[in-house]
Amino acid sequence: MEKTATRIDWIGGSCRLLKATAAEFERTRPFEGLSIGTGIHLEPKTVALLMTLRAGGARLVCTGNLNSTQPSTVEFLRSQGFTVFATQTIDPAAHHASLEAVIAERPDLLLDNGGDLFAIAAEKPHANLRGGTEETTSGRTRLLPLRERLNMPILVINDSPIKQFAENRHAVGQSLFESYLRFTNRSTNGKRVTVFGYGACGKGTAACFRNAFSTVSVVEIDAVTTLEAHLDGFATPLREAAIRSADIIVTVTGFAGIVTAADLPLVKDGAILMNGGHFPHEIDVEAFRRHPDVIGIDRYEADHIETFHLRDGRSFHVLGGGHMANLAGPRPLGNTVESMDLGFTLQARCLERIARGEAGPEACVVPVPRDIDAMVANAYLDLAC
């Protein structure tokens with residue numbers, strides 16, 4: 001019998017590790033009687049994680065992130081009885097209202113992405129909050145100064161070596177490269193690409209563009225990491241030269257103000273700028289829009305591309321409004337299924353540990369415990385062999 005299946009069906013059937021974890025959770029019920037508040041990209045792969053947590057007995061209260069919420073995912077989750085406060089928006093105030101709505105439900109655990117939920121919880125604590133997880137480098141940086149106020153276990157998924165190599169190095173690199181092609185339909189052959197940041201995401205991004213026959217430069221503020229990029233075979237010019245030469249600029253640092261309006265005199269005619277960091281502040285697109293040297297903007301609405309025309313005749317292009325490019329624009333696919341299957345299983349296992357009371361406040365903004373890394377790695381290898 002034929003049926004029309006959806007992308008959510010395809011992703012759910014492809015997340016083999018989460019399916020196995022959900023089957024276990026149906027027996028063990030680690031989240032029985034608990035609610036989990038989530039602030040993470042609402043796209044089909046997230047559905048597989050949320051369904052796994054519900055299989056463990058959790059009540060889910062969900063919101064998304066700026067500009068990445070997919071309406072079809074929200075519609076599906078609501079049809080399955082999830083509480084969802086989310087719209088597809090680039091308005092920080094609207095997004096913050098959704099985050100506040102999640103915290104107002106007083107969840108027992110939080111699954112955060114960028115530190116948004118925990119930052120509110122630090123301001124408005126509630127007694128039953130046991131802790132939770134944070135997905136990103138950006139979130140870890142944001143939450144470290146709040147450790148004394150939070151005083152609860154918060155396990156940072158991004159600090160797992162599995163997350164670093166499986167998702168950040170391999171998947172982010174692949175998905176940003178794929179996103180460049182999807183946005184622009186332009187080649188990478190012979191292009192000069194500048195990658196800002198040579199952490200795990202930057203390594204993967206630089207490698208993917210080099211493998212696609214681009215000439216890649218890396219800009220880093222850390223001398224040791226710059227040396228690593230040099231020994232990996234990448235050019236490491238000074239920042240100004242790296243911007244001047246670039247046909248494509250990709251930011252993957254986790255920090256704000258990487259490319260700003262002050263850099264406009266350096267940007268090459270026809271250059272394409274894209275951000276791979278979690279927050280849309282690595283490329284200061286708003287400052288570009290207000291700058292007196294910008295005399296016109298063409299907006300390719302269907303393709304989510306803006307072309308900025310400068311007074312001296314140059315123009316340059318920004319993809320996805322400076323939002324995380326692999327979850328912005330037409331048909332946003334995000335990272336590969338396999339990488340998210342691993343990363344989301346880390347999330348599920350870390351939340352399980354906190355729900356069982358096996359992590360205390362001393363584990364506030366710390367890496368995933370090594371035994372959880374080993375458990376997830378062995379489970380994945382068992383399924384792969």
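Computed from a predicted model, the values in this text were never measured in an experiment.
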*Student check: side-chain heavy atoms of Leu66 and His323 closer than 4.5 Å*: yes
*Going through the distances and angles, do Phe82 and Phe76 end up as a ring-ring contact (aromatic ring centres under 6.0 Å, His included)?*
CA-CA 9 Å; Phe82 289 82; Phe76 175 83; 8.0 Å; no
_I'd like to know if the side chain of Asp263 reaches the main chain of Leu266, judged simply by a donor and an acceptor atom lying under 3.5 Å from each other, with no hydrogens or angles considered._
no
*Flag side-chain contact, heavy atom, 4.5 Å: Ser214 against Thr188*: yes
_Is any side-chain heavy atom of Ser72 closer than 4.5 Å to one of Arg7?_
no
*asked:* Listing request: all side chain to side chain donor-acceptor pair (under 3.5 Å) pairs with a residue in residues 293-304, at least two apart in sequence or in separate chains.
replied: Asp298-His309, Arg299-Glu306
*Enter the distance from Asp116:CG to Ile40:CD1 here, rounded to the nearest 0.5 Å.*
11.5 Å
*Considering all heavy atoms, the nearest Gly64-Ala86 contact*: N-CB, 4.0 Å
*Report yes if some heavy atom in the side chain of Tyr180 is under 4.5 Å from a heavy atom in the side chain of Leu176; otherwise report no.*
no
Just list the side-chain donor-acceptor pairs under 3.5 Å for residues 249-258, sequence neighbours left out, or say none.
residue	atom	partner	partner atom	Å
Thr251	OG1	Asn275	OD1	2.9
Thr253	OG1	Phe255	N	3.0
Thr253	OG1	Phe255	O	3.4
Thr253	OG1	Glu282	OE1	2.9

*Judged by modelled atom types alone, do Asp108 and Ser35 share a side-chain donor-acceptor pair under 3.5 Å?*
yes
*asked:* With a 4.5 Å cut-off on side-chain heavy-atom distances among I, L, V, M, F, W and Y, is there a chain of contacts connecting Met274 to Phe316?
replied: no
*Do Thr136 and Glu134 have a side chain donor and acceptor closer than 3.5 Å?*
yes
*Check the side chains of Gln347 and Thr133 for a donor-acceptor pair under 3.5 angstrom, ignoring hydrogens and angles.*
yes
_Please check: side-chain N/O of Asp284 versus main-chain N/O of Ala261, any donor-acceptor pairing under 3.5 Å?_
no
*What pairs of residues pass the ring pair (Phe, Tyr, Trp, His ring centres under 6.0 Å) test when at least one of them lies in residues 35-60, not counting sequence neighbours?*
His41-His278
*Met324, Ile283: one ILVMFWY side-chain cluster at the under-4.5 Å cut-off?*
no
*Any chance the side chains of Glu100 and His96 put a donor and an acceptor closer than 3.5 Å?*
yes
*Starting at CG of Asn151, measure out to CG of Leu146 and round the result to the nearest 0.5 Å.*
12.5 Å
_Heavy-atom closest contact (Phe183 atom, Pro330 atom, distance)_ = CE2-CD, 4.1 Å
*Which distance, rounded to the nearest 0.5 Å, do you find between the OG1 of Thr38 and the CG of Leu117?*
7.5 Å
*With sequence neighbours left out, what residues match Thr46 under side chain to side chain donor-acceptor pair (under 3.5 Å)?*
none
_Contact list for residues 56-70, test salt bridge (charged side-chain N to carboxylate O under 4.0 Å, His left out), sequence neighbours left out_ = Arg59-Glu105
*So, do Leu319 and Leu273 sit near enough that their side-chain heavy atoms are less than 4.5 Å apart?*
no
_Applying salt bridge (charged side-chain N to carboxylate O under 4.0 Å, His left out) as the test, list every pair that has at least one member in residues 27-38; sequence neighbours left out._
Arg29-Glu32
*Should the heavy atoms of other residues, nucleotides or ligands under 6.0 Å from CG of Asn185 be counted, would the total exceed 12?*
no
*Given the rule that I, L, V, M, F, W and Y join up when any side-chain heavy atoms are under 4.5 Å apart, are Ile154 and Phe344 in one cluster?*
no
*May I ask you to check whether Ser175 and Asn335 show a side-chain donor-acceptor distance below 3.5 Å?*
yes
*Decide, yes or no, whether a salt bridge links Lys45 with Asp341 under the criterion of side-chain N to carboxylate O below 4.0 Å.*
no
*For the side chain of Arg314 and the backbone of Leu264, is there at least one donor-acceptor N/O pair under 3.5 Å apart?*
yes
_I need the minimum non-hydrogen distance between Thr194 and Ala242, along with the two atoms involved._
OG1-O, 2.7 Å
*So, His230 and Thr236: side-chain donor and acceptor under 3.5 Å apart, yes or no?*
no
*Please name the residue in the list Lys268, Arg186, Arg192 that meets the salt bridge (Lys or Arg N to Asp or Glu O under 4.0 Å) test with Asp247.*
Lys268
*asked:* For Glu362, is there an ion pair with Arg147 - N to carboxylate O distance below 4.0 angstrom?
replied: no
*asked:* I'd like to know if the side chain of Arg353 and the backbone of Ala359 have a donor-acceptor N/O pair within less than 3.5 Å.
replied: no
*Decide whether a cation-pi geometry holds between Arg210 and Phe234; the criteria are a distance under 6.0 Å from NZ or CZ to the six-membered ring centre and an angle within 45° of the ring axis.*
yes
*Which pair of non-hydrogen atoms, one from Phe25 and one from Thr52, has the smallest distance, and what is that distance?*
CD2-O, 3.5 Å
*asked:* Could you check whether any side-chain N or O of Arg130 sits under 3.5 Å from a backbone N or O of Gly357, counting only pairs where one atom can act as donor and the other as acceptor?
replied: no
*About how many Å separate CE of Met375 and CG of Asn378, when rounded to the nearest 0.5 Å?*
9.5 Å
_Side chain Asn65, main chain Ser68, donor-acceptor under 3.5 Å_ = no
_Sidechain-backbone polar pair: Lys191 side chain, Ser187 backbone, donor-acceptor under 3.5 Å_ = yes
_Could you check whether Gln88 and Gln70, counting side-chain N and O atoms only, form a donor-acceptor pair closer than 3.5 Å?_
no
*Would you please say whether a donor-acceptor pair under 3.5 Å links the side chains of Asp9 and Thr6?*
yes
*Output the distance between atom CD1 (Ile272) and atom CD1 (Ile248), rounded to the nearest 0.5 Å.*
6.0 Å
_Give me the atom names and distance for the closest heavy-atom approach of Ala122 to Leu150._
CB-CD2, 3.9 Å
*Hey, could you give me the OG/CD1 distance between Ser160 and Ile372, rounded to the nearest 0.5 Å?*
9.5 Å
_Salt bridge Arg142-Asp112, side-chain N to carboxylate O under 4.0 Å_ = no
*For Gly329 and Pro332, which heavy atoms make the closest approach, and how far apart are they?*
O-CD, 3.4 Å
*asked:* Would you say CG of Leu310 has more than 12 non-hydrogen atoms from neighbouring residues, nucleotides or ligands within 6.0 angstrom?
replied: yes
*Test applied, side chain to side chain contact (heavy atoms under 4.5 Å, CB included); reference residue, Glu178; option that passes from Leu333, Thr336, Asn326*: Leu333
